[in-house]
Amino acid sequence: MQVGNSKKSVPGEGEVLVQVHATALNPVDYKTATGGNPSWSYPHILGLDVAGVVEEVGANVTDI
């Protein structure tokens, strides 16, 4: 596992970009991080449980 920074994302069609104010790692994150997951593309960012503010909205987003 490696800790680092990533480039700022740009929301695609049907996506939103969230400015993250807090995140969490759950037990499943720890378990899958140690063994990986064959369906992931790398680099893979753990901690998808987030709280924040919608910063940008991609095309065709009708409900947030």
Side-chain angles (χ1 to χ4, degrees):
M1 186 181 322
Q2 179 181 353
V3 176
N5 295 314
S6 63
K7 296 179 190 174
K8 182 178 177 180
S9 298
V10 176
E13 184 171 347
E15 298 178 333
V16 296
L17 177 66
V18 176
Q19 181 185 50
V20 176
H21 291 213
T23 187
L25 293 176
N26 292 311
V28 71
D29 293 314
Y30 292 114
K31 292 174 186 172
T32 54
T34 57
N37 184 322
S39 65
W40 286 350
S41 59
Y42 291 88
H44 183 79
I45 299 174
L46 298 174
L48 296 178
D49 296 323
V50 301
V53 177
V54 174
E55 190 173 297
E56 285 184 55
V57 178
N60 297 322
V61 173
T62 57
D63 192 18
I64 298 176

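Distance check: Thr23 OG1 to Asp49 CG gives 7.0 Å after rounding to the nearest 0.5 Å.
Under the rule for a side-chain hydrogen bond (donor to acceptor under 3.5 Å, both in side chains), the partners of Gln19 that lie at least two apart in sequence or sit in another chain are His21. Here Glu15 pairs with Pro11 under the side-chain contact (heavy atoms from CB on, under 4.5 Å) rule; sequence neighbours left out.
Hydrophobic clustering of Ile, Leu, Val, Met, Phe, Trp and Tyr side chains at less than 4.5 Å, counting indirect connections, keeps Leu17 apart from Val61.
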